[in-house]
K.L.:
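The following block contains the structure, expressed as structure tokens.
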Amino acid sequence: MASQGENKWVYCFGADATEGRADMKNLLGGKGANLAEMANLGLPVPPGFTITTGVCTYFYANGRNYPPELKAQVEAAVKGLEQAMGATFGDPANPLLVSVRSGARASMPGMMDTVLNLGLNDATAAGLAKRSGDARFAYDSYRRFIQMYSNVVLDVDHHHFEEILDNHKRDKNHNLDTDLSAADWQAVIEDYKKAVEHELGKPFPQDVQEQLWGAVGAVFGSWMNARAITYRKLHDIPADWGTAVNVQCMVFGNMGNDCATGVAFTRNPSTGENAFYGEYLVNAQGEDVVAGIRTPQHLTIAGKEANKSDLPAMEEVMPEVFNQLNEVRLTLEKHYRDMQDIEFTVQQNKLFMLQTRNGKRTAPAALKIAVDLAEEGLIDKAEAVRRIDPASLDQLLHPTLDPKAERKVIAKGLPASPGAASGKVVFTADEAETLAGQGEAVILCRVETSPEDIHGMHAARGILTTRGGMTSHAAVVARGMGRACVSGAGDLRVDYKSKIMSVRGVTIKEGDIVTIDGSTGEVMLGQVPTIQPELSGDFATLMGWADSLRRMKIRTNAETPLDARTARKFGAEGIGLSRTEHMFFDPDRILAVREMILAETEAGRRAALAKLEPFQKKDFAELFTIMSGLPVTIRLLDPPLHEFLPNTEAEMAEVAKATGTDQLKVNHRVVQLHEANPMLGHRGCRLGITYPEIYEMQARAIFSAVAEVSQTTGETVMPEVMIPLIGTKKELDILKAVVDRVAKEVMDSTGVTFEYMVGTMIELPRAALKAGEIAETAEFFSYGTNDLTQTTFGLSRDDAGAFLPEYQRQGILEHDPFQTLDQDGVGELIAIATERGRKVRPNIKLGICGEHGGDPASISFCEKVGLDYVSCSPYRVPIARLAAAQAALDADTVKRD
């Protein structure tokens, strides 16, 4: 294609000239690489060519201009298509028609633009009518092209065309597009062209070369449209990847009743069942299926019966073609060793394959497919573990509808994406985003969703559409996001103008609450109670494989029995952070805490602390019992004391009365404890230095609980006492001496001998840099990445949200550093502390207990640095277990390489 020394921007596929392969996704995009691969496998792929992602990068780097060699390379590729098809681009007598589609290296369904039937104009449409012998098909294709090209390339809103078509159908008393004759379509075309000229002030382009370059430019332009940018942000797809453009010879599913088009999955993308799953339409083009404009039919008889459809299955209508398609399904799945999402067209009973890609699936389906493929021998267990996105496990760890709960079902649609969701009804994506931002649960209700709704779909708890099938835009995107979705609930009538939804005499206004069940397709009035999931079967199998592959332990952050039990159920191997101050806020205890703070003498403080000690001992005993011999890291009191005092005059009066103190004294103490910057003030170990009796009480409660539980259960209890906010070795020396003294006192008084560890939380840059000195005293480090991020950046986690999005938008920061660890700065401090700590104390135990402990990218960093464990919130324990296994596999691959 390109002469020597020239950049190669165009790669051909199909016919006898396939130049690409599946492993060239970065250059050819997913669609182009897979079209080439299917052609290499000998599958029936209409010939075409791919303009590489490199052109997209060049396009944006050079003021939306193309490389100088591109035009000649495209012209040569078009000539190749003309030879392969025996037709000529723009020839009225025998026209070659093409589709122009995007194809990024990561699948972005519906986010970028497509143009079908390109090459049609007044002359070629007449030629196509004559050559095909079917004028209705030719003019149907032409009107589709005008509508799609005008919308995608010329930016003429599609409502103009919908209005014209609806008027023609009404005038002719037709219900369906397929009822219109060739003459009807010609009349529609004339009105379409007038609408375009009215909107743009110039006629619809008749020059096929202008059409081709207009479509190519629109696809590259759509890489930076709002919906694509939103999708990339949600799925962490870099903007500099760019998209490829695929130009492919048209095959027609709309030439008559021996033609069809469809979308299929080689396994069920909702459940993972090994059953052919998909939909098709007779006498239609591909966009009709995914746009949800017509109700599609099922591929298989089993699918038709399961969904109680009266429409015949492809297996019945086109048995020979269906059998060919089923063979292709088996070939592709075996070749790619994964569930495939395929698009096909049948032209006059001949099957053509238009796309294959790894199919988007729900989390339960992903687990089942990965486990089944491993058990079928197509992949190994390590590959099965790699296949699951850890973040997607969130879909499995949350409630489903209680089967015993009363429910008022008002409508039923298709079970498009499993899970249950209740929320306020909203009818626009913007309203969904606004209300969700205010903390409301919402259900986005649409006639059909379009790619422009992506932000609202992400904000909503669930999505409900009245049109569209299980391969529609709403269904595919909802499954990828883990949102419950019911599609094609045709009995519902949505009135956007009045902001109401109605069905059989029931009217639902915006703001009313509904519940949807994406596993059954049911729509219910009001809120329906939920139950917790059972984490067995494929989930348990895959997590077992993950556990056998990971090196790091997974602990949880927990201070309540409920959190501790939940985390144990999810596979936690101990507690990495128990925040003792959370226990102080209980109504039974807060008074004693306030008495301690208000006391003017040590004796007064000790008297108040004596009231707290039994509560703390009981708390720790419960945690030790639940954790049943697993390590429990208890952080001594960390926040500044003012957090426990009241804020309003009325509350101060109440505290004064309850503690028998003068209100002026309470007011004075509140003022006295006020700090300009409390997160950098009198907190953590600084409280222990100033008021050692607080840490004494907590240490005594911990060790008394250890003695009691070890005597009661006979199990070894392994407490790890963590002293927060250490900045110097001397602070830790002083406070460790306090803890050691109390431990000896408890052992002497109870006669029980026990082991324990004393360590610190590394959450200040100084502590990270002086880790070698601190490790002389500390037996473990736990990296408190929330505060270490705050103190390294000089950012307040509570306030930074106001400007961090702008920093991300401008590329100053790639991620919010409070969600994903800043590996360059905060990560370097962790690496330094790890190296210096281990040099002094080779067996020092190292973990992480900030929010980053449940973030897969941060867990990968922890594996690289060699930490012993990560600790995270209970519901993120399975995510961390899987992410740690994947990190270990990645590290092993790096070592081998």
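These values consider heavy atoms only, across backbone and side chains, with no hydrogens, waters or symmetry-generated copies.
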K.L.:
Answer yes or no: is there a side-chain heavy-atom contact under 4.5 Å between Leu96 and Cys249?
P.N.:
yes
K.L.:
Going by atom types alone, do Asn349 and Glu320 pair a side-chain donor with an acceptor below 3.5 Å?
P.N.:
no
K.L.:
When rounded to the nearest 0.5 angstrom, what is the spacing between NZ in Lys499 and CD in Glu510?
P.N.:
4.5 Å
K.L.:
Would you give the length of the straight line joining atom CE of Met224 to atom CZ of Arg64, rounded to the nearest 0.5 angstrom?
P.N.:
8.5 Å
K.L.:
Passes side chain to side chain contact (heavy atoms under 4.5 Å, CB included), Ile342 versus Val263? Steps please.
P.N.:
CA-CA 6 Å; Ile342 59 180; Val263 175; over 6 Å; no
K.L.:
Tell me if the aromatic rings of Phe204 and Tyr192 count as close, with their centers under 6.0 Å from one another.
P.N.:
no
K.L.:
OG/Ser150 to NE2/His158 distance, rounded to the nearest 0.5 angstrom?
P.N.:
12.5 Å
K.L.:
Would you mind telling me which of Val55, Asn246, Leu35 makes a side-chain contact (heavy atoms from CB on, under 4.5 Å) with Thr50?
P.N.:
Asn246
K.L.:
Would you name the heavy atoms of Leu118 and Phe145 that are closest together and state the gap between them?
P.N.:
CA-CE1, 3.6 Å
K.L.:
With no hydrogens and no angle check, is any side-chain donor or acceptor of Asn307 less than 3.5 Å from a backbone partner on Gly303?
P.N.:
yes
K.L.:
Indicate yes or no: does Lys193 engage Asp122 in a salt bridge with an N to O separation below 4.0 Å.
P.N.:
yes
K.L.:
Tell me whether the count of non-hydrogen atoms from other residues, nucleotides or ligands lying under 6.0 Å of CG in Asp166 goes above 12.
P.N.:
yes
K.L.:
Do Arg329 and Asn326 have side-chain heavy atoms sitting under 4.5 Å apart?
P.N.:
yes
K.L.:
Assess whether salt bridge (charged side-chain N to carboxylate O under 4.0 Å, His left out) is satisfied between Glu448 and Arg467, documenting all intermediate values.
P.N.:
CA-CA 5 Å; Glu448 61 202 2; Arg467 287 210 303 234; 3.3 Å; yes
K.L.:
Is Glu522 close to Val486 at the side-chain level, that is, under 4.5 Å between some pair of heavy atoms?
P.N.:
no
K.L.:
Looking at every non-hydrogen atom in both residues, tell me the closest pair between Gly253 and Cys259 and how far apart they are.
P.N.:
O-CB, 3.2 Å
K.L.:
In sequence, state the C-alpha distance, the side-chain angles, and the governing distance for Met255 and Gln347, and then conclude on side chain to side chain contact (heavy atoms under 4.5 Å, CB included).
P.N.:
CA-CA 7 Å; Met255 287 180 83; Gln347 178 177 304; 3.7 Å; yes
K.L.:
Donor-acceptor pair, Glu433 side chain versus Asp430 backbone, under 3.5 Å?
P.N.:
no
K.L.:
Give a yes or no on whether the backbone of Thr345 and the side-chain of Thr261 come within a donor-acceptor separation of less than 3.5 Å.
P.N.:
no
K.L.:
Search all heavy atoms of Gly468 against all heavy atoms of Leu414 and return the closest pair with its distance.
P.N.:
O-CD1, 3.9 Å
K.L.:
Quick check: Tyr66 with Trp213 (ring centres under 6.0 Å apart)?
P.N.:
yes
K.L.:
Between Ile51 and Phe220, is there a side-chain heavy-atom distance shorter than 4.5 Å?
P.N.:
yes
K.L.:
How far apart are the closest heavy atoms of Tyr139 and Ala126, and which atoms are they?
P.N.:
OH-CA, 3.5 Å
K.L.:
Taking the six-membered ring for Trp and the full ring for Phe, Tyr or His, determine whether the centres of Phe49 and Phe13 are under 6.0 Å apart.
P.N.:
no
K.L.:
Consider side-chain contact (heavy atoms from CB on, under 4.5 Å). Of Asp191, Leu180, Ile189, which one does Arg143 pass it with?
P.N.:
Ile189
K.L.:
Taking the six-membered ring for Trp, are the ring centroids of Phe352 and Phe344 within less than 6.0 Å of each other?
P.N.:
no
K.L.:
Could you tell me if the side chain of Val74 sits less than 4.5 Å from the side chain of Leu212, heavy atoms only?
P.N.:
yes
K.L.:
Arg361 side chain to Gly359 main-chain N or O, any donor-acceptor pair under 3.5 Å?
P.N.:
yes
K.L.:
Would you say His159 has more than 12 foreign heavy atoms packed within less than 6.0 Å of its NE2?
P.N.:
yes
K.L.:
Applying salt bridge (charged side-chain N to carboxylate O under 4.0 Å, His left out), run through Arg504 and Asp491 and close with a yes or a no.
P.N.:
CA-CA 8 Å; Arg504 287 186 288 276; Asp491 291 344; 2.9 Å; yes
K.L.:
Which atoms form the tightest heavy-atom contact between Leu444 and Ala432, and what is the distance?
P.N.:
CD1-CB, 4.4 Å
K.L.:
Go through Asn254 and Ser141 one step at a time and tell me if the side chain to side chain donor-acceptor pair (under 3.5 Å) criterion holds.
P.N.:
CA-CA 8 Å; Asn254 61 327; Ser141 300; 3.2 Å; yes
K.L.:
Step by step, would you call Gln211 with Val100 a side chain to side chain contact (heavy atoms under 4.5 Å, CB included)?
P.N.:
CA-CA 10 Å; Gln211 292 175 2; Val100 179; over 6 Å; no
K.L.:
Atom CD1 of Ile454 and atom OG1 of Thr449: how far apart are they, to the nearest 0.5 Å?
P.N.:
9.0 Å
K.L.:
Can you find a heavy atom in the side chain of Tyr277 that is under 4.5 Å from one in the side chain of Arg267?
P.N.:
no
K.L.:
Please determine if Arg101 and Glu343 form a salt bridge, counting it only when a charged side-chain N lies under 4.0 Å from a carboxylate O.
P.N.:
yes
K.L.:
Less than 4.5 Å apart, any side-chain heavy atom of Pro95 and any of Leu120?
P.N.:
no
K.L.:
Using every non-hydrogen atom in the two residues, find where Ala474 and Thr465 come nearest and quote the distance to one decimal.
P.N.:
CB-CG2, 3.8 Å
K.L.:
Say whether Asn225 and Ser222, considering side chains only, have a donor N or O and an acceptor N or O under 3.5 Å apart.
P.N.:
no
K.L.:
Is a donor on one side and an acceptor on the other found under 3.5 Å between the side chain of Asn34 and the backbone of Lys31?
P.N.:
no
K.L.:
Given side chains that start at C-beta, do those of Gln297 and Pro312 come closer than 4.5 Å, heavy atoms only?
P.N.:
yes
K.L.:
Has Ser498 got a side-chain atom pairing as donor or acceptor with Ile500's backbone, closer than 3.5 angstrom?
P.N.:
no
K.L.:
Distance from Thr466 atom OG1 to Arg446 atom CZ, nearest 0.5 Å?
P.N.:
10.0 Å
K.L.:
Using atom types as modelled and distance alone, determine if a side-chain donor or acceptor of Ser99 lies under 3.5 Å from a backbone N or O of Met250.
P.N.:
no
K.L.:
When you look at Glu75 and Lys71, which way does the salt bridge (charged side-chain N to carboxylate O under 4.0 Å, His left out) test go after all the steps?
P.N.:
CA-CA 6 Å; Glu75 283 171 1; Lys71 191 166 187 294; 2.9 Å; yes
K.L.:
Is the backbone N or O of Gly256 less than 3.5 Å from a side-chain atom of Asn283, with the two atoms forming a donor-acceptor pair by type?
P.N.:
yes
K.L.:
Closer than 3.5 angstrom, by distance alone: can the side chain of Asn167 be matched with the main-chain N or O of Ile164 as a donor-acceptor pair?
P.N.:
no
K.L.:
Could you check Glu316 against Lys304 for side chain to side chain contact (heavy atoms under 4.5 Å, CB included), going step by step and ending with a plain yes or no?
P.N.:
CA-CA 11 Å; Glu316 297 167 299; Lys304 175 185 112 168; 3.3 Å; yes
K.L.:
Using only atom types and a distance under 3.5 Å, with no angle test, would you say the side chain of Asp140 pairs donor to acceptor with the backbone of Arg136?
P.N.:
no
K.L.:
Indicate yes or no: does Asp184 engage Lys172 in a salt bridge with an N to O separation below 4.0 Å.
P.N.:
yes
K.L.:
Taking atom types as modelled, is there a side-chain donor on Glu315 or Thr300 under 3.5 Å from an acceptor on the other?
P.N.:
no
K.L.:
How far does OG1 of Thr18 sit from CE of Met38, to the nearest 0.5 angstrom?
P.N.:
11.0 Å
